[in-house]
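This one's a predicted model, so the numbers in the text were calculated from it and none came from an experiment.
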Amino acid sequence: MAKAWKKLSILALAAALAAMVAMVGCSSEQKSEEATDEKATTETTAEPVELQVFAANSLSKAMEEVQTAYIEDGHSNVTFADTQYKSSGELNEMLGAGSYADLLISASKGSMDTAVKEGYVDEGTRVDMFKNDLVIVSKEGSGLKDVTLQDIADGKYTFCVGDESVPAGNYADQALSTVGVYVPSGDDEGKIGKDISGKNGSFAKGYNPVLDTSVGNVCKHAQSGDVDVAFVYTSDVYRFGGVEIVGTVPADTHKNIVYPGAITSQSKNVEATQEFLDWCQNSEKAQEIWQKWGFELA
């Protein structure tokens with residue numbers, strides 16, 4: 001009889017333990033479901049917000065892909081207005097004329113300095129986002145290679161650069177000043193390379209480059225064969241295709257190519273804009289996209 005009671009006690013204890021495990025399991029599962037439901041509810045109830053981005057022309061392809069990835073990465077409440085891709089100078093002019101934007105990304109420190117000075121952006125939100133390189137390109141299959149600044153100075157090739165409103169053009173002018181093709185004036189007179197702005201000067205006698213209003217258009221001149229070579233960013237080779245790099249402009253002949261970003265002083269969506277700006281720099285998905293299109297994180 002004692003053995004029977006002992007056996008029954010063991011069975012009862014096992015049943016009780018099984019019931020306790022089942023209860024814990026149900027509790028954990030319920031908590032997991034509640035957490036999932038809470039997350040879904042948070043995403044569903046997040047306030048809809050539309051962000052207006054003003055970005056340097058060279059960022060167009062990459063930015064479009066980044067914006068799509070951002071929405072898919074848990075930000076379904078965010079939409080983007082028609083992002084404006086212009087030269088950095090034009091973007092500043094638009095802001096100065098009263099156009100609305102939440103975020104400005106410029107292709108040069110100088111242009112962002114102007115935006116800060118004019119009160120277009122909140123300086124406290126300014127951050128260097130990307131780096132780029134200045135290269136010399138020609139039409140794909142041109143057969144050119146190892147083109148140098150000195151070759152341009154020697155008149156071997158027709159060439160195209162951006163005008164004074166285009167940062168890539170300013171960098172090109174800085175580099176060309178080191179071989180006497182571009183002549184600085186005003187405050188820059190007597191200086192060359194990194195020490196000049198690449199604005200307000202002129203090309204030396206005998207040099208008549210094709211000028212255009214965006215780095216994209218400059219690239220197209222080389223792509224079509226209108227000119228032998230053009231000065232563009234490395235990222236433009238990925239963005240447009242149809243051209244090939246035939247020379248790299250020495251980094252010590254021009255200022256560092258950096259893309260600063262900042263939230264505008266008029267933004268009505270500061271928190272949402274800051275979240276997007278942070279994601280652009282810190283998300284692995286974003287980093288993969290920037291690198292795919294030829295940009296290096298600063």
Are there over 12 heavy-atom neighbours, none belonging to [X], within less than 6.0 Å of that residue's [atom1]?
X: Glu50; atom1: CD; value: yes
X: Asp187; atom1: CG; value: no
X: Lys139; atom1: NZ; value: no

What are the two closest non-hydrogen atoms of [X] and [Y], and how far apart are they?
X: Leu104; Y: Ala115; result: CD2-CB, 3.8 Å
X: Val166; Y: Asp212; result: CG2-O, 3.8 Å
X: Thr213; Y: Ser87; result: O-CB, 3.8 Å
X: Lys191; Y: Pro184; result: O-CG, 3.2 Å
X: Lys61; Y: Arg239; result: CG-CG, 3.3 Å
X: Glu164; Y: Asn170; result: O-ND2, 3.2 Å

What's the separation between atom [atom1] in [X] and atom [atom2] in [Y], rounded to the nearest 0.5 Å?
X: Ile136; Y: Thr148; atom1: CD1; atom2: OG1; answer: 7.0 Å
X: Thr273; Y: Ile263; atom1: OG1; atom2: CD1; answer: 5.5 Å
X: Leu176; Y: Phe231; atom1: CG; atom2: CZ; answer: 4.5 Å
X: Met63; Y: Asn57; atom1: CE; atom2: CG; answer: 12.5 Å
X: Gln281; Y: Phe276; atom1: CD; atom2: CZ; answer: 10.5 Å
X: Met129; Y: Met112; atom1: CE; atom2: CE; answer: 9.5 Å

Main chain of [Y], side chain of [X]: is a donor-acceptor contact present, judged purely on distance under 3.5 Å?
X: Asn92; Y: Ser111; result: yes
X: Asn282; Y: Asp278; result: yes
X: Ser106; Y: Pro260; result: no
X: Asp163; Y: Leu211; result: no
X: Glu244; Y: Gly141; result: yes
X: Tyr85; Y: Leu59; result: no
X: Asp122; Y: Gly124; result: yes
X: Ser265; Y: Tyr120; result: yes
X: Glu296; Y: Phe130; result: no
X: Ser283; Y: Cys280; result: no

Is there a side-chain contact (heavy atoms from CB on, under 4.5 Å) between Lys255 and Lys109 once you walk through the steps? CA-CA 9 Å; Lys255 297 181 187 295; Lys109 288 187 174 184; over 6 Å; no

Check each of Tyr238, Tyr233, Tyr259 against Phe295 using the ring pair (Phe, Tyr, Trp, His ring centres under 6.0 Å) test, and report the only one that passes.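 When Tyr238, Tyr233, Tyr259 are each tested with Phe295, the ring pair (Phe, Tyr, Trp, His ring centres under 6.0 Å) holds only for Tyr259.
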
Evaluate the criterion side-chain contact (heavy atoms from CB on, under 4.5 Å) for residue pair Asp226 and Cys160; output intermediate values, then yes/no. CA-CA 9 Å; Asp226 288 347; Cys160 180; over 6 Å; no

Carboxylate-amine/guanidinium contact Lys292 Glu65, below 4.0 Å: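 A salt bridge is present here (some side-chain N lies under 4.0 Å from a carboxylate O).
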
same_hphob_cluster([X], [Y]) at 4.5 Å side-chain heavy-atom cutoff:
X: Ile196; Y: Val161; result: yes
X: Val229; Y: Tyr182; result: yes
X: Leu297; Y: Leu103; result: yes
X: Ile257; Y: Leu91; result: no
X: Leu134; Y: Phe240; result: no

Tell me, with the steps shown, if Ser138 and Tyr157 meet side-chain contact (heavy atoms from CB on, under 4.5 Å). CA-CA 10 Å; Ser138 68; Tyr157 308 108; over 6 Å; no

If we only count heavy atoms from C-beta on, is the [X] to [Y] side-chain gap below 4.5 Å?
X: Tyr100; Y: Gln266; value: yes
X: Asn132; Y: Thr234; value: yes
X: Phe159; Y: Pro209; value: yes

Given the rule in the salt bridge (charged side-chain N to carboxylate O under 4.0 Å, His left out) test, do Arg126 and Asp113 qualify, once you have shown the distances and angles that lead to the verdict? CA-CA 10 Å; Arg126 177 175 176 169; Asp113 289 344; 2.8 Å; yes

Quick check on side chain to side chain contact (heavy atoms under 4.5 Å, CB included): which of Thr83, Val78, Leu51, Thr79 does Gln67 satisfy it with?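 For Gln67, the side chain to side chain contact (heavy atoms under 4.5 Å, CB included) check succeeds only for Thr83.
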
Under 3.5 Å side-chain donor-acceptor pair for Asp228 and Ser142: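 Not at all, the side chains of Asp228 and Ser142 share no donor-acceptor pair under 3.5 Å.
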
Stepwise, does the side-chain contact (heavy atoms from CB on, under 4.5 Å) test hold for Val232 with Val135? CA-CA 6 Å; Val232 301; Val135 294; 4.1 Å; yes

Could you check whether the rings of His75 and Tyr70 sit parallel, tilted or perpendicular, using 30° and 60° as the cut-offs?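 Parallel: the ring planes of His75 and Tyr70 meet at under 30°.
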
Going through the distances and angles, do Thr248 and Asp133 end up as a side chain to side chain donor-acceptor pair (under 3.5 Å)? CA-CA 8 Å; Thr248 299; Asp133 296 311; over 6 Å; no

